[in-house]
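Working notes, beginning with the structure itself.
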Amino acid sequence: MSRPQAPHRPFFHFGNPFRMISPKGSQMTPNLCALLNTFEETLAGRLRKLNPKDKNDVLSLSWMNLAMESLCGTHNDIKTLIAEMDLPVSAWDEKWIDVYLDISVKLLDICIVFTSEISRLNQGHLFLQFVLHNLKSASSQQFIRARSSVDDWKNHIASKNPRVENCSTILDKLKESLDLPKIKNSAKGKILMRAMYGVKVLTVSVCSVFSAAFSGSASKLVDMNVSETYLWAQAFNDLQSNVNGEIRNVYSSGRVTVLKELEAVDGIVKHLYPMIQDGVALADEEVFKNSISDLERKAQSLSQGLDLLTKEVDGFFQILLTGRDALLSKLRSGGSVSDRMLMGNVEGQGKIISNHKHENMLTANGEGRNLGEFGGLFT
């Protein structure tokens, strides 16, 4: 009998450190309150939409795409809020700028990690193509070659991506930065920090779920308590409870992946493997053909889902990058922060862009190389 799991301690042990906005020392106009309410109500709606109605939707690639869409939308919402508050960069406190730049650079790193892992999973599709090619052939060696490719696929999927394992370090730093700086005598600054807190909570939560899904470990999940003073608190708490709870249930049951489409392919492969290994009796030929068709359909669904997720992650990367570019450009022209902060962030962003381009180049070269290796076999 398995030992019961110890309860997970929330990150905030004494409630949320970011308290309700107080009008003391600042002028909270009805217009500013309306802008904040609109932002928080929109965030609540996104969270409710993301909460799966069926536990089987956790974690499907369609849900992961929706999660990335929610992140993109919420990060765009904060830009809209800043514009509607008429809060130019010249009016920003250096601490606010530091918070934004620190968050965004860590998220750019996480996007590169996720892109790397999605690409690695998608490259497994090449092994499945080879399996299907051989199972449909009339060659006397069809089963031997197919079995070899199935073994290659299983080993590829079971292998670990060290970048994903290191993702926890970045998430830990993001968790630490949830405690935002205190704002005095600036109603707009308080609203900005309050809204950024909501963005950060959603972002840390989604990224921790992705990290748990890609790493095969529920230990990557992050649990957060959100004060009821936020309009989106209940929606977030419900989402976190359902998604994190289901992921923990899946891993505690001994399953090695929570990705539904990947699990579906794995199930068919396990069903086919004994037939490939021992040969197919005449009575089982129809079952065998149906299994091949199922594998072809499920493998295609997995590959297409991963392709869409790649585009969503890249879209999030571009939103972060353009936001940083715009801010850094205004800082250069305005001279509102220290040269050391500005130079450090410009250099850091340059390295991230270089890594992103390098990752894309490796992905393209890797796919080309693998297709070249298999090219003579698909004839």
Side-chain angles (χ1 to χ4, degrees), residues 11 16 18 21 32-85 99-100 103-104 106-108 110-111 114 171 174-175 177-178 180 191-213 221-247 305 308-320 322-323:
F11 179 67
N16 197 305
F18 193 82
I21 293 179
L32 289 177
C33 287
L35 289 174
L36 176 61
N37 285 342
T38 298
F39 176 86
E40 293 203 354
E41 287 170 356
T42 300
L43 178 56
R46 293 187 190 280
L47 290 165
R48 284 191 289 269
K49 184 179 179 182
L50 198 52
N51 198 347
K53 295 180 176 62
D54 189 327
K55 68 178 184 179
N56 290 324
D57 291 334
V58 182
L59 275 164
S60 65
L61 289 174
S62 60
W63 184 91
M64 296 178 79
N65 275 304
L66 182 60
M68 270 295 150
E69 286 178 12
S70 296
L71 283 188
C72 291
T74 303
H75 280 257
N76 280 328
D77 289 343
I78 195 91
K79 293 180 184 179
T80 302
L81 177 65
I82 292 170
E84 291 178 340
M85 284 197 300
V99 167
Y100 178 83
I103 296 169
S104 57
K106 289 180 173 64
L107 293 177
L108 288 172
I110 286 178
C111 285
F114 289 166
L171 283 173
L174 279 174
K175 285 192 297 182
S177 68
L178 282 169
L180 295 168
I191 289 178
L192 175 62
M193 289 297 101
R194 182 179 171 97
M196 286 183 70
Y197 173 74
V199 174
K200 290 176 74 173
V201 168
L202 172 62
T203 304
V204 170
S205 180
V206 168
C207 288
S208 79
V209 168
F210 274 48
S211 181
L221 292 172
V222 175
D223 293 291
M224 292 171 282
N225 284 341
V226 174
S227 169
E228 293 181 0
T229 57
Y230 295 92
L231 298 180
W232 48 269
Q234 188 61 53
F236 172 77
N237 291 332
D238 290 344
L239 171 66
Q240 177 178 252
S241 175
N242 288 340
V243 173
N244 287 12
E246 179 58 20
I247 292 173
L308 290 174
L309 187 55
T310 299
K311 293 178 181 177
E312 288 296 337
V313 173
D314 189 61
F316 184 45
F317 182 93
Q318 296 302 326
I319 287 173
L320 293 168
T322 54

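Because only heavy atoms are used, hydrogens play no part in the values below, and waters and symmetry mates are left out as well, while side chains stay in.
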Next on the checklist: How close do Leu108 and Leu320 get, counting heavy atoms only, and between which atoms?
Outcome noted: CD2-CB, 3.6 Å
Next on the checklist: Tell me if a side-chain donor or acceptor on Asp314 pairs with a main-chain N or O of Thr310 at a distance below 3.5 Å.
Outcome noted: no
Next on the checklist: To the nearest 0.5 Å, what is the distance between CG on Asp223 and NZ on Lys175?
Outcome noted: 9.0 Å
Checklist entry - Say you draw a straight line from CG of Leu107 to CZ of Phe114; how long is it, rounded to the nearest 0.5 Å? => result 9.5 Å
Next on the checklist: Which residue is it: Tyr230, Phe236, Phe39? I am looking for the one with a ring pair (Phe, Tyr, Trp, His ring centres under 6.0 Å) to Tyr197.
Outcome noted: Tyr230
Next on the checklist: Please give me the minimum heavy-atom distance between Met224 and Leu178, naming the atom from each residue.
Outcome noted: SD-CD1, 3.6 Å
Checklist entry - Any side-chain heavy atom of Ile191 within less than 4.5 Å of one from Leu81? => result yes
Checklist entry - Side chains of Lys106 and Ile110: does their closest heavy-atom pair fall under 4.5 Å? => result no
Checklist entry - Leu174 versus Ser208: any side-chain heavy-atom pair under 4.5 Å? => result no
Checklist entry - Where do Leu171 and Ser211 come nearest, in terms of heavy atoms and distance? => result CD1-CB, 3.9 Å
Checklist entry - Hey, does Glu312 have a side-chain heavy atom less than 4.5 Å from the side chain of Met64? => result no
Item to check | Nearest non-hydrogen partners of Gln240 and Val222, listed with the distance | outcome: OE1-O, 3.5 Å
Give every donor-acceptor pair under 3.5 Å between a side-chain atom in residues 66-75 and any protein atom, sequence neighbours left out.
unit_1	atom_1	unit_2	atom_2	d
Ser70	OG	Leu66	O	3.0
Thr74	OG1	Ser70	O	2.8
His75	NE2	Thr203	OG1	3.1

Checklist entry - Is Leu309 close to Phe210 at the side-chain level, that is, under 4.5 Å between some pair of heavy atoms? => result yes
Next on the checklist: Are Leu202 and Leu47 packed together at the side-chain level, in the sense that at least one heavy-atom pair is separated by less than 4.5 angstrom?
Outcome noted: yes
Item to check | Thr322 side chain to Gln318 backbone, donor-acceptor under 3.5 Å | outcome: yes
Item to check | Heavy-atom side-chain contact between Asn76 and Ile319 under 4.5 Å | outcome: yes
Next on the checklist: Within this structure, what is the CG-CG distance for the pair Asp54 and Asn242, rounded to the nearest 0.5 Å?
Outcome noted: 11.0 Å
Checklist entry - Going from OH on Tyr100 to CD1 on Ile82, what distance comes out if it is rounded to the nearest 0.5 angstrom? => result 7.0 Å
Checklist entry - Could you walk me through whether Val209 and Ile247 pass the side-chain contact (heavy atoms from CB on, under 4.5 Å) check? => result CA-CA 8 Å; Val209 168; Ile247 292 173; 3.7 Å; yes
Item to check | By side-chain contact (heavy atoms from CB on, under 4.5 Å) - contacts of Glu84 (at least two apart) | outcome: Leu35, Thr80
Checklist entry - Taking all non-hydrogen atoms of both residues, which atom of Trp63 and which atom of Pro52 are closest, and how far apart? => result NE1-CD, 3.8 Å
Next on the checklist: So which atom in Phe316 and which in Cys111 form the shortest heavy-atom distance, rounded to 0.1 Å?
Outcome noted: CD2-SG, 3.5 Å
Checklist entry - Can you list every salt bridge (charged side-chain N to carboxylate O under 4.0 Å, His left out) pair that touches residues 71-82, not counting sequence neighbours? => result Arg46-Asp77
Next on the checklist: What I'd like to find out is whether the side chain of Asn51 reaches to under 4.5 Å of the side chain of Arg48, using heavy atoms alone.
Outcome noted: no
